[in-house]
Amino acid sequence: MKTNLLYGQNGLEIEVPDNAFVVEPKDLPAMEDEREAIKQALRNPIGTAPLREMVKPTDTVAIVISDITRPTPNHILVPLLIEELSHVPLENFVVINGTGTHRDQTREEFVQMLGDWVVDNIRIINNNCHDKSTQVNLGRSKFGCDVYLNKEYVEADFRIVTGFIEPHFFAGFSGGPKGIMPGIAGIDTIMTFHNARMIGDPLSTWGNMVNNPVQDMTREINGLCKPHFMLNVTLNKEKEITNVFAGELYEAHDKGCAFVKEHAMVRCDERFDVVITSNSGYPLDQNLYQAVKGMSASQKIVKKGGAIIVASECSDGLPSHGNYAKIFEFADSPQGLLDLINNPEFKMFDQWQVQKQAVIQVWSDVYVYSKLTDEQVKGAMLKPTHNIEKTLEELKQAYGENMTVAVLPLGPLTIPYVEE
């Protein structure tokens with residue numbers, strides 16, 4: 001049978017065995033009037049007064065957004081926030097791009113993310129996690145590091161965080177407090193947030209918010225300089241808005257996570273020999289670093305010794321910035337990478353993504369269908385494929401005629417699980 005994977009901006013149609021098990025979240029329709037729904041959420045929020053009533057005309061307002069690797073519809077959210085706060089002069093606003101450790105966005109990319117009007121009328125800055133002069137030290141985290149957050153955010157009279165909520169491979173769910181930590185944090189803080197112990201904790205996983213150290217740390221740090229207001233949405237596979245959660249940070253985010261969990265969790269009766277996944281298409285599949293999320297979702301239901309095939313366009317390469325590609329040079333196997341990263345003396349930013357990937361590779365083989373060269377894929381200790389159907393035929397030689405196959409067309413927008 002044919003199935004369509006979210007891949008790049010146009011998708012990818014592949015042929016899979018007729019008995020393949022397709023794993024998808026419940027497909028929710030777009031809201032009939034998303035703009036009106038957002039306006040009503042701002043005026044009738046969860047756990048706070050209406051947004052307009054909370055902000056004085058003299059206030060400076062910081063709006064934190066997610067970067068270009070996320071499909072948050074900030075071209076809708078940010079103009080509506082500014083419209084709702086029309087009593088505040090435009091020069092009092094600053095939009096802070098929550099890059100975390102990712103690269104800066106260009107003006108053209110900001111136009112793509114926010115629209116011409118916002119770029120032409122509102123001051124926009126990229127968070128720089130490496131520049132302490134742009135950060136404020138808020139004290140010490142119980143997780144063992146100093147807490148640095150963006151100075152313009154900390155010093156604003158009123159702080160707003162935007163985002164969208166989806167399953168996340170070590171924070172449980174994205175959105176909410178993750179917009180601040182790691183979105184606008186300093187590198188010293190991010191390195192602890194993503195250290196081997198935090199990432200390696202079995203409770204740091206898809207859909208789990210209970211005693212998850214990564215989620216606990218992001219909430220602790222948000223509490224040191226909390227956003228006064230959160231505006232998050234949920235999206236379907238067409239990246240259309242399906243619900244809006246606005247108001248007090250933790251209460252509104254919890255409600256959003258419960259909504260996503262109800263629709264995104266899919267139970268499987270058993271593990272599969274082969275799992276084919278997307279990385280949920282553009283913008284999340286822009287590079288191989290992000291594609292680890294699709295691999296991680298697949299690992300939840302692939303047999304030990306099985307195979308994962310991930311289709312991720314990787315139009316932005318590995319990427320070229322950061323240390324993701326470099327770390328693979330320090331070992332000759334996935335287990336060697338884990339041994340290296342679990343050594344407390346080893347610290348290099350981006351190690352967390354390599355750690356997650358190596359755990360998956362110790363469990364199963366991983367094939368990558370992308371625009372990357374074979375050398376780039378092999379350099380990350382992965383196996384390139386240029387034809388998914390042909391790779392399936394080859395895998396049948398290893399797993400036999402009764403090879404079981406699952407497909408995650410939406411990739412990490414789905415949380416498949418097996419009760420074991």
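Quick caveat: nothing in here was measured; it's all calculated off a predicted structure.
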(message) Do the side chains of Glu83 and Lys39 get close enough for a salt bridge, i.e. N-O under 4.0 angstrom?
(response) yes
(message) Looking at Arg103 and Asp316, is there a salt bridge between them, counting it only when a charged N and a carboxylate O are closer than 4.0 Å?
(response)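 Judged by the 4.0 Å cut-off on N to carboxylate O distance, Asp316 and Arg103 do form a salt bridge.
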With a 3.5 Å distance limit and no angle check, can you tell me whether [X] reaches the backbone of [Y] through a side-chain donor-acceptor pair?
X: Thr234; Y: Asn243; result: yes
X: Ser312; Y: Ala291; result: no
X: Asn208; Y: Val210; result: yes
X: His168; Y: Lys293; result: no
X: Ser278; Y: Val310; result: no
X: Glu84; Y: Leu81; result: no
X: Asn279; Y: Leu284; result: yes

Minimal non-hydrogen separation, [X] against [Y], with atom names:
X: Ala41; Y: Ala246; result: O-CB, 3.7 Å
X: Gly247; Y: Pro45; result: CA-CB, 3.7 Å
X: Asn232; Y: Val161; result: ND2-O, 4.3 Å
X: Leu77; Y: Gly163; result: CD1-O, 4.3 Å
X: Thr48; Y: Glu248; result: CG2-N, 3.2 Å
X: Pro416; Y: Ile301; result: CB-CG2, 3.7 Å

(request) From the options Glu109, His102, Gln105, select the one residue that forms a side-chain hydrogen bond (donor to acceptor under 3.5 Å, both in side chains) with Asn97. (result)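 With Asn97 as partner, Glu109, His102, Gln105 yield a single side-chain hydrogen bond (donor to acceptor under 3.5 Å, both in side chains), made by Gln105.
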(request) Examine Tyr282 together with Tyr7 and report whether their ring centres are nearer than 6.0 Å. (result)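 No, the ring centres sit 6.0 Å or more apart.
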(request) Before giving the answer on side chain to side chain contact (heavy atoms under 4.5 Å, CB included), spell out for Trp352 and Asn195 the whole-Å C-alpha distance, their side-chain angles and the decisive distance to 0.1 Å. (result) CA-CA 6 Å; Trp352 46 88; Asn195 70 25; over 6 Å; no
[X]: which residues meet the side-chain contact (heavy atoms from CB on, under 4.5 Å) condition with it, sequence neighbours left out?
X: Asn211; result: Leu203
X: Asp157; result: Asp59, Thr60
X: Thr3; result: Ile14, Val16, Val407, Pro409
X: Asn137; result: Asp146, Tyr148

Excluding sequence neighbours, so at least two apart, what forms ring pair (Phe, Tyr, Trp, His ring centres under 6.0 Å) with [X]?
X: Phe169; result: none
X: His263; result: Phe259
X: His130; result: Phe349
X: Phe158; result: His228

Return the [atom1] to [atom2] distance between [X] and [Y], rounded to the nearest 0.5 Å.
X: Leu224; Y: Arg140; atom1: CG; atom2: CZ; result: 12.5 Å
X: Met217; Y: Asn222; atom1: CE; atom2: CG; result: 11.0 Å
X: Met54; Y: Leu42; atom1: CE; atom2: CG; result: 11.5 Å
X: Leu249; Y: Asp254; atom1: CG; atom2: CG; result: 9.0 Å
X: Gln135; Y: Ile187; atom1: CD; atom2: CD1; result: 9.0 Å
X: Glu15; Y: Glu389; atom1: CD; atom2: CD; result: 7.0 Å

(request) Please assess Val274 against Leu392 for the test side chain to side chain contact (heavy atoms under 4.5 Å, CB included), listing each intermediate value before the final yes or no. (result) CA-CA 8 Å; Val274 180; Leu392 281 172; 3.9 Å; yes
(request) Mind checking side-chain hydrogen bond (donor to acceptor under 3.5 Å, both in side chains) for Lys132 and listing every partner two or more places apart, or none if nothing turns up? (result)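 Expected list: Asp188.
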(request) Could you pull out all residues at least two apart from Arg52 that satisfy side-chain hydrogen bond (donor to acceptor under 3.5 Å, both in side chains)? (result) Ser86, His87
(message) With no hydrogens and no angle check, just 3.5 Å: does a side-chain donor-acceptor pair link Thr72 and Asn74?
(response) no
(message) Can you confirm whether the side chains of Glu36 and Gln40 place a donor and an acceptor under 3.5 Å from each other?
(response)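 Side-chain D/A pair, Glu36 to Gln40: present.
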(request) Mind running side chain to side chain donor-acceptor pair (under 3.5 Å) on Ser141 and Glu220 for me, showing each step along the way? (result) CA-CA 8 Å; Ser141 165; Glu220 177 212 21; 2.7 Å; yes
(message) Does Val61 form a side chain to side chain contact (heavy atoms under 4.5 Å, CB included) with Asn92? I'd like the steps, not just the answer.
(response) CA-CA 6 Å; Val61 179; Asn92 285 20; 5.6 Å; no
(request) Could you walk me through whether Phe346 and Gln351 pass side chain to side chain contact (heavy atoms under 4.5 Å, CB included), step by step? (result) CA-CA 9 Å; Phe346 180 84; Gln351 69 180 55; 3.8 Å; yes
Enumerate donor-acceptor pairs with a distance under 3.5 Å from any side-chain N or O in residues 353-362 to protein atoms, sequence neighbours excluded.
| residue | atom | partner | partner atom | Å |
| --- | --- | --- | --- | --- |
| Gln353 | NE2 | Tyr289 | O | 2.7 |
| Gln355 | NE2 | Ala196 | O | 3.1 |
| Lys356 | NZ | Ser204 | O | 3.4 |
| Gln357 | OE1 | Tyr324 | OH | 2.5 |
| Gln357 | NE2 | Gln361 | OE1 | 3.1 |
| Gln357 | NE2 | Ala380 | O | 2.9 |
| Gln361 | NE2 | Met381 | O | 2.5 |

(message) Checking Lys326 now: which residues fulfil salt bridge (charged side-chain N to carboxylate O under 4.0 Å, His left out) with it, not counting sequence neighbours?
(response) none
(request) Mark yes or no: Arg159 above the aromatic ring of Tyr153, with NZ or CZ under 6.0 Å from the six-membered ring centre and no more than 45 degrees from the axis. (result) yes
(request) For His194 and Phe170, run ring pair (Phe, Tyr, Trp, His ring centres under 6.0 Å): C-alpha distance rounded to whole Å, both residues' side-chain angles, the deciding distance at 0.1 Å, then the answer. (result) CA-CA 9 Å; His194 284 158; Phe170 50 75; 5.2 Å; yes
(request) Step by step, work out the side chain to side chain donor-acceptor pair (under 3.5 Å) result for His386 and Asp374. (result) CA-CA 9 Å; His386 302 286; Asp374 286 0; 2.7 Å; yes
(request) Run through Leu114, Ile160, Ile184 and flag the one making a side chain to side chain contact (heavy atoms under 4.5 Å, CB included) with Ile65. (result) Leu114
